[in-house]
Amino acid sequence: MFRPARSKRPQKQQITRTASVPAPVGGWNARDSLAAMDRADAVVLQNFFALPYSVRLRKGYTSWATGLGAQVETLMQYRPPTGGGSMFAAAGANIYDVTSGGAVGAAVVSGLTNARWQYIDFAVGGTSYLYAVNGADKPRLYNGVAWTAIDGVSVPAVTGVTTTNLVNINVHKSRIWFIESGTLKAWYLPTNSVGGAVSALDLSGLCVRGGYLMTMATWTLDAGRGMDDHAVFITSEGEIVVYAGVDPASAATWQLVGVYAMGTPLGRRCAVKYAGDVLVITKDGLFPLSKALMSSRVNTKTALTDKIQSAVSEATTLYGTSFGWQTMIYPPENMLFLNVPVAVGSQQQYVMNTISGAWSNFTNMPANCWELWNDILYFGGNGVVYKAWNGTNDNGANIVGEALPAFNYFGSATQQKRFTMVRPLIATDSTAGLLFGINTDFKNVTPTGVPSFASATSSAWDTAKWDSGAWGSSDLEMKTDWQSVFGVGFCGALHMIIETNSANLQWIATDYVIEDGGVI
C-alpha cells in the first residue's frame, strides 16, 4: 500500500500581526531615554493637549481688542466684589480699557515709561482698587472711576519712599507691600490702607548672596495648628526668605521662619498662587514652594517640569533674561501655562494638564503676557489683545499640530520588523489635513510635504514615502481607515502632522500592521 510522502518543507508561519498603542496621554517627555520612554509618552507633542483619555488638537485664538499701537506687555483686571469690573491693557506708553473688546478708544493713562506693570486688587472702606507699579513711573491707583498717580503729595499719598522705584506689589494679611527696585528692601503700608507712611523691611542682613528682591508672595501652610499665611520674599539670586506673623514692627508677632536657596527666578512675574501653594519659575524649572524648600536645589524631581527638564533647561539658558516669563492657571480646562519668551512674536507655551501632570508644547501663540478674566483666558500680542482657547483657528490662520509618540519595540527589542500599514484612530467634526509616516530606530525625521484638506469627502494616500490625506465630517466621527506606510527597524513610531482651521479633533489610539523579521 502506497502512501503519499510527507513534505519535508516546514509549514510557513504567519509573520504579519497587528498592534495597538494608545495616544500619548502621558504627554511630552523631554527627560527620559528614547529607548526607555513610557509608551504613553511622546517625543514631540506640539499644539496637542494631553487629556487623561485622549490627545486633542489645541483650540485657537481670536482678536479681542485692537489698535493698541505697541506690544501689549501687561493685562490687568479690576474686580470689585459686587461683580462686573474692567480689564486694562498696557502697551507702549499707554494703558487702555479693553473691557468691551473691539477697537480701543483713547488711552486711560498716557505718557508712561514702560508697559511692564505688576498689580493687585484691594478693597478697603467700601471701595475697590486696582493698584499697579512698574519701577519707573509713579504707581497708578484706580478706584473704578479715576486713575491717580501716587507720590508723596497725591490723594491718597505714599510717603517715606520714592514711589517711582516701586516695582512689585503684594497683599499680605490685609496690608499692601511694595518691592523697591534694585534693593533688598520691602516696604509696607498700615493695614487696610492704600496710602500713608511706609515702613521698611531690610533683608540685606539675611541674604548672603546679595542681589535684589524680585517679588513677594503669600504662602499658605498647615503647620498642625490650622491654616496660616507666610510672607515669602524671593531675591534675584534665588534666596527665599520666609516670615510668619502679622505685624513686621513687632518682634512678638513677626518671626523669621528661614532662609532657603533655589534656582535663579525668571522675571518679576516668577511667582503665582496655586491653591495654597506658590509656584516659582526658576532656571531649574517650575517649583512648588512646598516641595522645593524641603530638598536641595539639585533635586529637580520636585519640579512640576521634571518630565520636560531638558527642554526647560535649554529654554532658561537661551531666553532666561527675556521679558515674558509667566505662569497662568486656567481652571476651566485644567491647564497650567508656562509662557516661554523665545522671541517677540515667537513665544511658546509649555502646558501641563493639572489632573494628569502631562505636558504639551504650544507654538504660534504670540503671547507677551496672560490674564484670566471672568474665567476666559486672554493674552497680549503686538497691538492686540487676543481671546485664547477660542475657536478652531489662530485668528484665521491654520493650527498645525505635530506628534511623535514614544518609540515602541512591539514585544521584541532584538527582532527587525517591517511596518506596512497604520491606522490613527482620530475623531473629528470637520476637515483636517494629515501628513504622516513611520519613524524607525529613534530617527526623528519630520514628514515632508503640505497637509492638504481641500476636500472633505475623499483621501489621497500612497503618493510618496510619506502619506497625506483629508478627513472631514459634519459630526464628531471616528476615522478608522488603514493607510499604507513603509519602514524597517527594530522599533517604530507614527510621526504625524495635522493641519486645520475648522476642526475639533481628538486622537484616541494608533494601530499598526507589522511583519516580523529576523534578529539581523
Side-chain angles (χ1 to χ4, degrees), residues 17-28 37-58 358 360 392 398-408 410 417-440 443-453 455-473 475-487 489 491-500 502-514:
R17 60 187 174 96
T18 61
S20 184
V21 179
V25 295
W28 178 29
M37 193 175 291
D38 191 295
R39 72 171 191 166
D41 292 345
V43 180
V44 177
L45 196 62
Q46 184 172 296
N47 288 329
F48 285 94
F49 181 60
L51 301 168
Y53 49 85
S54 69
V55 173
R56 66 164 300 166
L57 192 68
R58 72 160 171 83
S360 307
T392 55
N398 296 341
I399 298 173
V400 180
E402 181 179 355
L404 174 60
F407 286 89
N408 197 320
F410 295 99
K417 306 161 189 73
R418 183 170 71 172
F419 301 89
T420 60
M421 301 186 79
V422 295
R423 179 172 65 177
L425 302 178
I426 293 177
T428 182
D429 61 359
S430 187
T431 304
L434 282 87
L435 185 71
F436 66 88
I438 289 290
N439 283 9
T440 59
K443 300 181 184 72
N444 188 353
V445 180
T446 303
T448 57
V450 178
S452 172
F453 51 94
S455 170
T457 58
S458 63
S459 298
W461 302 94
D462 299 326
T463 58
K465 180 179 178 181
W466 300 100
D467 297 326
S468 63
W471 290 352
S473 172
D475 299 315
L476 193 65
E477 181 179 339
M478 186 69 70
K479 302 300 178 180
T480 59
D481 303 319
W482 286 101
Q483 308 300 338
S484 298
V485 293
F486 177 79
C491 60
L494 171 76
H495 199 152
M496 178 170 61
I497 294 176
I498 292 180
E499 183 172 351
T500 184
S502 60
N504 290 297
L505 185 147
Q506 291 195 26
W507 176 21
I508 313 301
T510 304
D511 297 337
Y512 297 82
V513 173
I514 303 168

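Remember, it's a predicted structure, so these values are computed and weren't measured experimentally. Atoms considered below: every heavy atom in the structure, side chains included; atoms not considered: hydrogens, waters and symmetry mates.
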Nearest atoms (heavy-atom pairs only) where [X] meets [Y]:
X: G489; Y: F419; result: O-CE1, 4.3 Å
X: A403; Y: L45; result: CB-CD1, 4.1 Å
X: A432; Y: A503; result: CB-CB, 4.4 Å
X: L57; Y: G401; result: CD1-CA, 3.8 Å
X: P424; Y: M496; result: CB-SD, 4.4 Å
X: W507; Y: S54; result: O-CB, 3.5 Å

Got a second to check how far [X]'s [atom1] is from [Y]'s [atom2], nearest 0.5 Å?
X: S20; Y: I508; atom1: OG; atom2: CD1; answer: 11.0 Å
X: R418; Y: I438; atom1: CZ; atom2: CD1; answer: 13.0 Å
X: I498; Y: F436; atom1: CD1; atom2: CZ; answer: 9.5 Å
X: F48; Y: S360; atom1: CZ; atom2: OG; answer: 9.5 Å
X: H495; Y: T440; atom1: NE2; atom2: OG1; answer: 13.0 Å
X: T446; Y: I497; atom1: OG1; atom2: CD1; answer: 6.0 Å

May I ask you to test the [X]-[Y] pair for a side-chain heavy-atom distance under 4.5 Å?
X: T510; Y: P405; value: no
X: L434; Y: I426; value: yes
X: M421; Y: T18; value: no
X: Q483; Y: V485; value: no
X: K417; Y: R17; value: yes
X: D511; Y: W482; value: yes

Has [X] got a side-chain atom pairing as donor or acceptor with [Y]'s backbone, closer than 3.5 angstrom?
X: N398; Y: E499; value: no
X: N439; Y: A493; value: no
X: T500; Y: T431; value: yes

**Steps toward side-chain contact (heavy atoms from CB on, under 4.5 Å) verdict (F410, V21)** = CA-CA 9 Å; F410 295 99; V21 179; 3.7 Å; yes
**Request:** Determine, step by step, whether L51 and V25 satisfy the side-chain contact (heavy atoms from CB on, under 4.5 Å) criterion, reporting the C-alpha distance in whole Å, the side-chain angles of both residues, the deciding distance to 0.1 Å, and the verdict.
**Result:** CA-CA 6 Å; L51 301 168; V25 295; over 6 Å; no
